[in-house]
4 protein chains.
Amino acid sequence: MRADVHRFSLVDPSDVSGLRRAIDQGLVDPGTIVAVIGKTPGNGLVNDYTRGYLTLCLSTLIGERTGRSPEEIRETIPFVFSGGTEGVLSPHYTVFTVVPEARPSDGAKALAIGVAFTPVMRPSDIGRQAQIDAVAAAVNQAVVSAKIDEVHFVQVKGPAFMLADILADQRDGRPSATDNPGKLMSFGRAASALGVAKALGEIPAEKAVESAVLKDFSLYSSVASMSAGVEVKVNEVIVVGMSGAWTGALAVDHTTMADALDVASIHAMVQRLGFPAAPQIAEADRVKAAFIKCEAQRDGMVRGRPHTMLNDGDINEQRHIRGAVGAIAASILNDTGLFVSGGAEHQGPDGGGTIAVIAERAVRRAN
Amino acid sequence: MRADVHRFSLVDPSDVSGLRRAIDQGLVDPGTIVAVIGKTPGNGLVNDYTRGYLTLCLSTLIGERTGRSPEEIRETIPFVFSGGTEGVLSPHYTVFTVVPEARPSDGAKALAIGVAFTPVMRPSDIGRQAQIDAVAAAVNQAVVSAKIDEVHFVQVKGPAFMLADILADQRDGRPSATDNPGKLMSFGRAASALGVAKALGEIPAEKAVESAVLKDFSLYSSVASMSAGVEVKVNEVIVVGMSGAWTGALAVDHTTMADALDVASIHAMVQRLGFPAAPQIAEADRVKAAFIKCEAQRDGMVRGRPHTMLNDGDINEQRHIRGAVGAIAASILNDTGLFVSGGAEHQGPDGGGTIAVIAERAVRRAN
Amino acid sequence: MRADVHRFSLVDPSDVSGLRRAIDQGLVDPGTIVAVIGKTPGNGLVNDYTRGYLTLCLSTLIGERTGRSPEEIRETIPFVFSGGTEGVLSPHYTVFTVVPEARPSDGAKALAIGVAFTPVMRPSDIGRQAQIDAVAAAVNQAVVSAKIDEVHFVQVKGPAFMLADILADQRDGRPSATDNPGKLMSFGRAASALGVAKALGEIPAEKAVESAVLKDFSLYSSVASMSAGVEVKVNEVIVVGMSGAWTGALAVDHTTMADALDVASIHAMVQRLGFPAAPQIAEADRVKAAFIKCEAQRDGMVRGRPHTMLNDGDINEQRHIRGAVGAIAASILNDTGLFVSGGAEHQGPDGGGTIAVIAERAVRRAN
Amino acid sequence: MRADVHRFSLVDPSDVSGLRRAIDQGLVDPGTIVAVIGKTPGNGLVNDYTRGYLTLCLSTLIGERTGRSPEEIRETIPFVFSGGTEGVLSPHYTVFTVVPEARPSDGAKALAIGVAFTPVMRPSDIGRQAQIDAVAAAVNQAVVSAKIDEVHFVQVKGPAFMLADILADQRDGRPSATDNPGKLMSFGRAASALGVAKALGEIPAEKAVESAVLKDFSLYSSVASMSAGVEVKVNEVIVVGMSGAWTGALAVDHTTMADALDVASIHAMVQRLGFPAAPQIAEADRVKAAFIKCEAQRDGMVRGRPHTMLNDGDINEQRHIRGAVGAIAASILNDTGLFVSGGAEHQGPDGGGTIAVIAERAVRRAN
């Protein structure tokens with residue numbers, strides 16, 4: 001198998017002209033698309049409808065070109081969109097394709113992708129053991145079915161709910177972890193992240209986990225990236241890693257940022273991917289996609305000085321931190337089309353985050 | 001003469017405990033304070049009252065400790081506060097002091113500071129030739145009186161006006177450049193920056209200038225940093241540079257950023273100040289203060305990809321770009337207590353900006 | 001002919017279940033729909049994509065049920081959505097249908113609706129004479145073709161443009177009235193409103209008009225309601241009035257509000273529609289739809305006291321005034337599903353606004 | 001005793017020119033000021049510093065004119081400022097004075113005011129029984145000492161804390177009810193309101209109360225108005241009512257609004273104060289002050305239609321509801337200088353609120 005990665009810019013969330021053109025030009029075979037991950041120009045909070053809008057437009061396009069209904073497309077291809085392109089960040093979507101390809105004998109590992117879905121979740125499942133276990137099972141299923149040797153990135157998009165849905169479930173005798181819609185998104189990201197950590201052995205299997213949700217932040221996954229949105233009712237799981245069973249020119253690596261200014265870890269990871277040491281990489285076109293999770297440090301400090309993100313009544317803390325960490329990563333990667341997502345509960349250490357980069361391997365470039 | 005720089009953290013804009021303690025401990029002689037520049041935790045737009053609040057609290061404190069009235073203090077010491085500490089940025093204020101000191105014979109230049117004030121401005125003066133000329137004259141006065149050889153940073157804080165003031169001036173027969181309060185702040189920053197550029201020869205003296213205000217962005221100053229706020233009625237001018245007539249351990253340098261991701265220019269400047277080449281400086285305590293201007297690129301792009309800062313109805317473009325460029329600078333300087341100001345009209349190139357850093361000289365550290 | 005009005009709630013802008021159910025139950029014949037007007041839960045500013053999202057979903061639904069393509073539906077049925085349901089306002093859409101019906105001999109006038117479209121507009125046409133004339137022509141066409149005797153409400157939805165579009169047109173030698181996307185929306189609403197005023201004789205035909213755009217606010221229409229959005233490229237015109245050639249139980253009336261607190265004019269209008277005098281109407285189900293335009297008073301005052309809407313850097317002035325005037329109207333009409341739109345340039349007097357109400361006639365209720 | 005009420009406009013929170021002029025003109029004797037309540041032009045959330053700024057400016061002015069220090073003034077006079085003047089609302093402050101005056105023999109009750117303070121509160125006291133009991137005791141003290149017969153309004157301003165303070169208290173072994181600063185403000189308002197309700201017998205004395213905080217919203221006070229701000233460390237209590245022991249031309253009454261559109265209750269109350277029945281009162285200058293609490297309905301509905309206030313990531317729910325209910329009250333009272341405060345936990349019924357109006361008695365007007 002060979003995994004490819006195609007990234008397209010968008011500003012208007014209905015703008016699917018990039019993928020349409022690529023399909024028309026034969027650059028992307030729509031039948032080989034296995035997942036789409038992107039950033040839309042909304043606020044990334046409960047009332048961000050840009051995610052659903054792009055999902056509708058892309059599933060309609062792919063449906064048209066593959067002769068299937070948009071509903072069918074949405075049930076089989078995960079569309080994971082995170083809203084919020086603060087600062088220099090650029091709205092875009094990244095299309096993952098998988099095609100059969102005979103494996104060469106060079107023995108090198110290559111980029112591999114697996115996807116899986118959990119069953120439908122109710123508001124009252126969010127943040128609970130039911131979600132943790134369902135996500136862990138889906139991760140395992142994706143890893144096994146795609147024969148992934150090293151996992152570098154797990155994206156999960158789980159459901160968010162409007163207040164009316166939460167209250168309806170509560171009236172049916174199923175109270176949610178909270179009746180605050182934004183807070184419930186936080187519970188959902190937390191539980192899914194712990195599910196990933198459990199599946200990958202980052203948390204001991206015997207560890208009690210539901211009680212740790214949004215409480216014990218020493219438990220986290222270094223490869224998990226969680227989003228939540230009202231447009232999905234299941235958890236969509238995408239596992240990205242390296243595999244000896246796959247082929248192709250692409251590689252992925254990841255790292256954990258200890259805090260928002262931890263650029264040393266990003267530079268080390270970029271060098272592992274074959275980029276020469278430099279404050280900003282020169283071969284920007286070798287970067288195919290980057291995925292970042294980050295969160296405002298909970299003690300209100302960054303390297304000994306106070307920040308104001310958690311006290312701000314005008315701009316949500318997630319918008320602040322995405323703009324900041326996204327800009328730092330962009331300045332290193334020489335690229336603003338980054339997937340940067342806030343709400344990093346149990347996704348990397350408190351105040352830090354995680355970053356995964358997919359890049360063309362240097363050895364290919366040398367040829 | 002010797003110039004010193006003392007930086008204090010604050011979150012609450014009434015928190016002057018840092019300076020109070022430094023005075024009480026004899027670290028700062030309040031009678032030697034010549035200027036204060038800082039970032040307050042407001043929105044940095046028209047209705048940001050955190051700037052005036054901190055000005056009142058600091059002028060009251062300095063007045064108490066010097067036996068003068070707060071009004072007198074405000075008339076003789078420029079307090080230049082810019083609101084908005086987005087992302088990782090940290091609210092703080094930097095106190096400049098000047099003390100007489102015999103000049104040693106080492107011949108090295110040292111940090112030098114000069115200040116000057118323009119006459120009172122009316123709303124209808126803002127963005128006009130009157131403001132350009134007044135600021136240029138004040139810059140020249142500050143340079144000459146402080147015997148500055150190289151100018152690296154000129155901070156001007158000019159007046160902003162509420163709608164009522166603008167309309168009152170208009171009723172008196174003096175229409176403003178615009179009756180939009182936020183837009184008039186923009187005009188004021190633009191005209192002041194052109195005034196600085198004219199005084200320093202960055203724009204040919206014969207060049208027509210008023211007509212270029214907010215129109216011809218090829219004209220700009222690489223050392224100007226303009227703020228505007230309702231709490232001042234004059235333009236307060238602070239010139240920072242190097243002088244053979246001054247002494248002390250501090251140096252200042254500056255650079256122009258070609259765009260928001262131009263980290264190469266920052267690294268080069270930091271190395272001129274004696275820091276070893278590194279993605280992030282290790283000797284963070286040598287950085288005494290940094291001053292940055294930045295602005296969203298007017299064509300809506302950053303390095304070939306669209307940004308959304310100019311289309312956003314929820315977060316002002318200045319808040320976006322401050323958070324982004326501030327984070328990038330913080331990641332290099334290993335310091336979040338940076339003065340980062342948006343609204344960089346004619347202050348550096350379109351979409352880029354300027355940065356000046358005051359640092360302890362490496363040679364002193366070696367002793 | 002008979003005009004009917006069907007109003008449906010929505011929160012998620014993709015929720016078209018209300019109309020779907022009404023079609024399925026035979027309450028609405030999809031082939032008779034002539035226009036849809038609604039409020040979506042976005043910010044109502046440039047980057048509000050909820051309008052386009054709902055347009056896509058509704059045109060897809062109506063297309064499915066009428067056997068036409070969504071594109072064809074959007075070209076023949078105006079979808080006029082304004083974003084922003086601040087405060088107590090409720091997201092909803094109102095579907096207008098027209099069916100042939102023999103005219104009874106009672107001689108009473110009844111609700112009548114006419115629609116028309118202008119040609120496609122470029123960014124450089126917005127706010128210019130081209131737009132004024134095109135809108136005036138479309139209004140006349142709608143009035144004549146629908147035989148409307150009294151015009152009470154004219155809704156125009158005109159194009160808005162992202163920065164990239166504006167700059168592209170400029171590069172082709174066609175500079176726009178402004179290169180600020182939000183400001184250009186304002187120009188567009190202003191020019192369209194003057195077009196309506198000209199068509200209806202509210203402005204003398206010989207009057208110079210382009211020069212008055214956003215300058216001379218003594219010129220205005222008392223029935224015009226303008227919106228702008230990136231999802232349309234033409235001006236869509238809907239004229240609502242009373243006609244002796246139409247039949248049915250519905251009537252429409254309108255009034256001008258002198259300022260934001262002018263409830264007397266609303267009460268008088270409601271009584272003309274047959275409601276008993278009361279601070280809040282009791283027969284709320286007789287109200288079928290209400291359309292309101294409003295704007296923050298430009299001198300910064302309301303009845304002698306200052307307001308802060310024009311100085312606010314966190315919440316756009318339109319969001320402020322919609323929430324305020326919308327709540328006042330809701331408190332009188334006993335209904336929160338109101339179309340309340342800000343940006344009322346030349347639509348009613350400065351600081352005031354207009355309101356039109358469609359209601360079931362009292363005489364029918366008595367039967 | 002005679003209580004008087006003086007209301008002054010402000011936009012800039014440092015603008016105390018209104019009171020200064022009134023003192024200079026002999027209209028207000030600064031030594032008789034017992035309390036100040038007002039609305040400042042901030043966001044009304046955690047990072048709103050306009051409240052502290054006005055407090056500093058007013059306490060400095062009153063201190064100057066009474067020969068006391070600003071600190072002493074702030075310890076003896078409650079300054080209760082709520083941020084947020086959304087929509088048509090106007091920033092202002094209302095000064096209450098009390099002067100000795102011989103009681104006439106007419107037997108009528110008159111406006112009476114009592115004030116009291118609780119001890120200093122820690123973050124960990126907020127929302128707990130300690131705060132409930134302290135506020136109840138202060139209310140009783142104020143009622144008794146001022147001989148108030150009917151209580152119509154109780155304003156309490158309690159402390160809010162920044163994240164750093166909350167975490168410091170937690171490190172000392174005293175965990176707060178929540179470590180979210182905005183949420184802790186909510187806990188504080190809730191507990192204080194229950195304290196008022198307990199003191200006034202609105203809740204049975206034997207009722208368990210701490211467990212009801214932010215949980216059982218069937219328990220509430222109809223006269224309580226709670227604010228919270230970082231600028232105070234104690235709960236400042238102001239009780240306003242009618243007393244047979246006081247004299248003067250002023251009266252106060254109050255009512256409970258069942259929901260955001262409950263104008264009937266406001267009209268009834270206004271008529272009890274002697275205003276003729278009308279949609280908008282004509283004698284606006286008889287209104288001396290009005291105090292309103294309101295909150296977005298928790299089930300997401302208003303009169304059967306959904307609202308979006310609780311799902312909005314861009315504008316805080318309190319800003320939405322203040323703008324809406326404030327505008328409705330302004331349209332009835334013909335006055336925008338109203339104290340409208342959100343965050344009405346246990347202050348009036350869910351989704352509704354309370355309003356108290358101080359007005360000149362009609363009988364005096366007739367003379």
Side-chain angles (χ1 to χ4, degrees), chain C residues 7 9-12 39-43 84-92 259-264 266-267 277-280 284 296-297 300-309 311-312 314-317 319-338, chain D residues 7 9-12 39-43 84-92 259-264 266-267 277-280 284 296-297 300-309 311-312 314-317 319-338:
Chain C
R7 190 163 36 146
S9 275
L10 91 160
V11 174
D12 183 319
K39 286 296 302 183
T40 55
N43 64 16
T85 52
E86 292 80 12
V88 296
L89 294 173
S90 188
H92 70 278
D259 68 10
L261 299 188
D262 180 13
V263 295
I266 303 179
H267 282 286
Q280 185 173 79
Q297 201 165 310
M301 306 294 283
V302 174
R303 301 216 172 167
R305 290 189 185 272
H307 67 75
T308 61
M309 296 183 268
N311 290 321
D312 194 339
D314 300 311
I315 300 181
N316 184 277
E317 59 182 281
R319 307 204 72 177
H320 274 292
I321 195 69
R322 279 195 300 253
V325 174
I328 293 171
S331 78
I332 296 172
L333 298 175
N334 197 358
D335 191 326
T336 65
L338 311 178
Chain D
R7 190 164 36 146
S9 275
L10 92 159
V11 173
D12 184 319
K39 287 295 302 182
T40 56
N43 63 17
T85 53
E86 293 79 12
V88 297
L89 294 174
S90 189
H92 70 279
D259 68 9
L261 299 188
D262 179 13
V263 295
I266 304 179
H267 282 286
Q280 185 173 78
Q297 199 164 311
M301 307 294 283
V302 174
R303 300 213 171 171
R305 289 187 185 274
H307 67 75
T308 61
M309 295 183 268
N311 290 321
D312 194 338
D314 300 312
I315 299 181
N316 183 277
E317 58 181 280
R319 307 205 71 177
H320 274 292
I321 194 69
R322 278 194 301 254
V325 173
I328 292 171
S331 79
I332 296 172
L333 299 176
N334 197 359
D335 191 327
T336 65
L338 311 178

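Labels below follow one simple rule: chain letters A, B, ... track the order of the sequence lines, proteins then strands, and each chain is numbered from 1.
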Heavy-atom distance under 4.5 Å to chain C: side chain of D:Ile328, backbone, both or neither?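 For D:Ile328, the contact with chain C is made by backbone and side chain together.
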Proximal component of D:Val11, with respect to chain C [non-hydrogen, under 4.5 Å]: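 When you check distances to chain C, only side chain atoms of D:Val11 fall under 4.5 Å.
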C:Asp262, part contacting chain D, at a heavy-atom distance under 4.5 Å: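 No part of C:Asp262 comes within 4.5 Å of chain D.
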Taking all atoms of both residues into account, what is the closest heavy-atom pair of C:His320 and D:Gly87, and its distance?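 The answer is ND1-N, 3.0 Å.
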Contact winner vs chain D - C:Val302, C:Ile315, C:Thr85, C:Asp314, heavy-atom pairs under 4.5 Å: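 Ranked by contacts with chain D, first place is C:Ile315.
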Give the member of [options] that has the highest number of heavy-atom pairs under 4.5 Å with chain C.
options: D:Gln297, D:Met301, D:His92, D:Arg7; answer: D:Arg7
options: D:His307, D:Glu317, D:Met309; answer: D:Met309
options: D:Ser331, D:Pro306, D:Gly304; answer: D:Pro306

What residues, two or more places apart in sequence or in another chain, satisfy side-chain contact (heavy atoms from CB on, under 4.5 Å) together with C:Ala330?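 Per chain and number, C:Ala330 pairs via side-chain contact (heavy atoms from CB on, under 4.5 Å) with C:Val88, C:Thr336, C:Leu338, D:Leu261.
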NZ/NE/NH1/NH2 to OD/OE distance under 4.0 Å, C:Arg305 and D:Asp335: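 Looking at D:Asp335 together with C:Arg305, the answer is yes, because their closest N to O distance falls below 4.0 Å.
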Can you list every pair that meets salt bridge (charged side-chain N to carboxylate O under 4.0 Å, His left out) and has a residue in residues 320-334 of chain C, with sequence neighbours left out?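 Pairs touching residues 320-334 of chain C that pass the test: C:Glu86-C:Arg322.
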